[in-house]
Amino acid sequence: MTPVVSIENLKDHVGEEVTLQGWLYRKTGKGKLQFLQVRDGTGICQAVVFKGNVSPEDFAAGKSLTQESSLRVTGLVKEESRAPGVPGGYELDVRELEAVQLAEPYPISPKEHGVEFLMANRHLWLRSSRQWAAMRVRAVIIQAIREWLDGHGYLNVDTPIITPAAAEGTTTLFEIDYHGEPAYLAQTGQLYNEANIFAFGKVYCFGPTFRAEKSKTRRHLQEFWMVEPEIAFCDLDQLMDIEEQFISHIVQRCLRECAAELQVLERDTTHLERVTPSFPRIHYDEAVAMINEAAAKGELVPGYDEPVPPMEWGDDFGSPHETYLAAQFDKPVFVHHYPTQVKAFYMESEPGRPEVCRSVDLLAPEGYGEITGGSERMSDPDKLLAAIHAHDLPEEAYGWYLDLRRYGSTVHSGFGLGVERTVAWICGLDHVRETIAFPRTLTTMRP
RNA sequence: UCCUCGGUAGCUCAAUCGGCAGAGCAUCCGGCUGUUAACCGGACGGUUGUUGGUUCGAGUCCAACCCGGGGAGCCA
């Protein structure tokens with residue numbers, strides 16, 4: 001028996017006879033010669049079957065292989081510059097071939113397909129190399145997230161998914177029946193994170209989160225993953241310091257470890273290589289001025305083919321505004337001190353300027369939009385109670401949250417990072433539905 | 001919810017002014033010793049999203065509905 005090796009490790013077996021087990025990704029041939037592209041989950045390798053090197057039965061078995069048939073091939077590993085694949089450059093000179101199962105006609109051909117068809121066949125689409133690459137990068141991003149937080153003193157304390165009420169009171173929630181009582185799927189773990197920091201200092205929660213909004217854009221899912229760090233004794237400026245270290249670590253680790261995947265995705269990594277501390281920081285006032293100046297000059301929003309729309313101070317940015325702003329910088333950009341009225345009730349207001357709050361969003365370059373949202377949290381119990389009243393929220397539901405300000409309150413801050421938007425940005429994908437194995441979009445719940 | 005574009009073979013698309021529903025790919029058969037989404041020859045493949053209307057005649061025109069894409073709002 002020859003050893004079974006994985007394609008990602010083939011480079012260590014040049015000149016040896018090995019067995020690959022996997023699936024037929026593509027096939028082409030020329031009479032007495034067959035080129036089988038075999039994938040095994042770790043990569044794609046070309047296996048060359050020459051009639052003179054194998055038994056007549058094995059040669060016939062090779063010819064009979066259909067796309068996505070499962071197989072085992074044994075042969076000699078060769079370095080070969082002509083060999084396609086991932087990572088490519090190595091091929092298997094086949095001596096034995098076993099068809100494990102001949103696949104029925106496979107619906108996803110190497111030609112182009114529409115989104116509707118591919119989404120209906122998501123369970124098969126995942127085998128395609130671009131989807132494979134995106135999922136591998138996603139996994140590395142998640143590793144990098146945990147690695148950085150675990151290595152910087154953050155304790156992973158996960159927060160409930162079933163919650164009694166809207167944490168922020170604004171967005172639409174999925175309602176479930178909790179033994180006769182209405183309950184909701186969490187849209188953030190943040191309020192619970194705030195309880196946790198008073199026990200553990202620095203924490204993060206990492207899990208799925210749910211938004212029932214009728215959002216139908218390339219940046220939205222109904223179910224998505226979010227990591228939310230929260231830090232005691234941390235103000236807004238320190239929060240931005242943390243975020244830029246954190247984001248830079250994630251990007252740099254992907255560049256180091258996912259070169260083959262990013263190449264499959266045809267990602268131009270020059271933008272990503274610049275993602276190192278520090279990131280530009282602009283005040284909301286300044287951002288509004290930039291937008292209105294661009295609007296007055298009739299500048300176009302990159303990629304939209306329409307002029308930058310003017311805006312009033314006090315409004316939140318629209319999607320074209322965010323895209324314009326992000327395009328003015330060659331790194332992710334922090335926009336801080338948003339108007340209090342467009343942000344959540346728990347954000348700390350700026351001393352001497354109550355109309356703005358100590359909040360910050362991070363806008364990714366290249367039109368990927370907001371990837372983090374965070375703030376310094378309100379720490380005074382009386383101010384917080386007034387904010388709860390001002391937002392018409394039920395005081396009794398926030399009793400425990402107010403308690404946090406009564407027993408050892410301190411300045412504290414936190415943010416949430418959307419995993420799918422981060423994956424889309426790093427992979428250069430044009431839609432978040434390709435950043436998670438089985439996306440839940442407004443129109444798709446199956447498979 | 002609103003704006004906008006679309007739905008024709010398993011897939012991607014074409015079909016002139018309303019006049020015989022057509023290609024490529026996939027699949028099957030045959031050929032080829034270096035293919036990169038190979039190539040060459042042949043075969044198979046249709047309730048034109050649904051319902052109704054106009055017409056001698058509808059894929060094409062009209063109405064309603066269904067499904068999907070892109071965008072807006074909201075957000076990560």
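Worth knowing before you read on, the calculation uses all heavy atoms, side chains too, and leaves out hydrogens, waters and symmetry mates. A, B, ... follow the sequence lines: proteins, then strands. Residue 1 opens every chain. This is a predicted model, so every value here is computed, not measured.
In the interface, the side chain of A:K216 is paired with the base of B:G70 through a donor and an acceptor atom under 3.5 Å apart. Between the side chain of A:E91 and the base of B:G34, at least one donor-acceptor pair of N or O atoms lies under 3.5 Å. A donor and an acceptor atom never sit less than 3.5 Å apart when one is taken from the side chain of A:H113 and the other from the base of B:C11. For B:U36, the base has no donor-acceptor partner in the side chain of A:Q37 [N/O atoms by modelled type, under 3.5 angstrom]. In terms of polar N and O atoms assigned as donor or acceptor, the side chain of A:S109 never comes within less than 3.5 Å of the base of B:A26 in a complementary pairing.
Across all strands shown, B:A63 forms a Watson-Crick or G-U wobble pair with B:U51, both key distances being under 3.5 Å. Across all strands shown, B:A43 forms a Watson-Crick or G-U wobble pair, both distances under 3.5 Å, with B:U27.
Taking atom C1' on both B:A26 and B:G45, the two are 11 Å apart, rounded to the nearest angstrom. Of the P atoms belonging to B:U54 and B:A63, the separation is 15 Å, rounded to the nearest Å. For B:G59 and B:A14, the C1' atoms lie 11 Å apart once the distance is rounded to whole Å. Separating the C1' atom of B:C2 from that of B:U60 is a span of 29 Å, rounded to the nearest Å. With both ends at atom P, the span from B:C75 to B:G68 equals 26 Å, rounded to whole Å. Atom C1' of B:U1 sits at a distance of 9 Å from the matching atom of B:G73, rounded to the whole Å. B:C40 sits 15 Å from B:G24 when the C1' atoms are compared, rounded to a whole Å. Distance check on atom P: B:C61 versus B:C5 gives 14 Å, rounded to whole Å.
Of the listed nucleotides (B:U36, B:G10, B:G34), B:G10 has the atom at the smallest distance from the side chain of A:F117. Which of B:G69, B:U1, B:C75 sits closest to the side chain of A:R421 comes down to B:C75.
Using the six-membered ring where Trp is involved, A:Y338 and A:Y284 have ring planes that are tilted, between 30° and 60° apart. By the 30° and 60° cut-offs, the orientation of the rings of A:W148 relative to A:Y154 is tilted. Classified by interplanar angle (parallel below 30°, tilted 30° to 60°, perpendicular above 60°), the ring pair A:H321/A:F317 is perpendicular.
Listed for the A:Q245 side chain is no donor-acceptor partner under 3.5 Å among the backbone atoms of A:I242.
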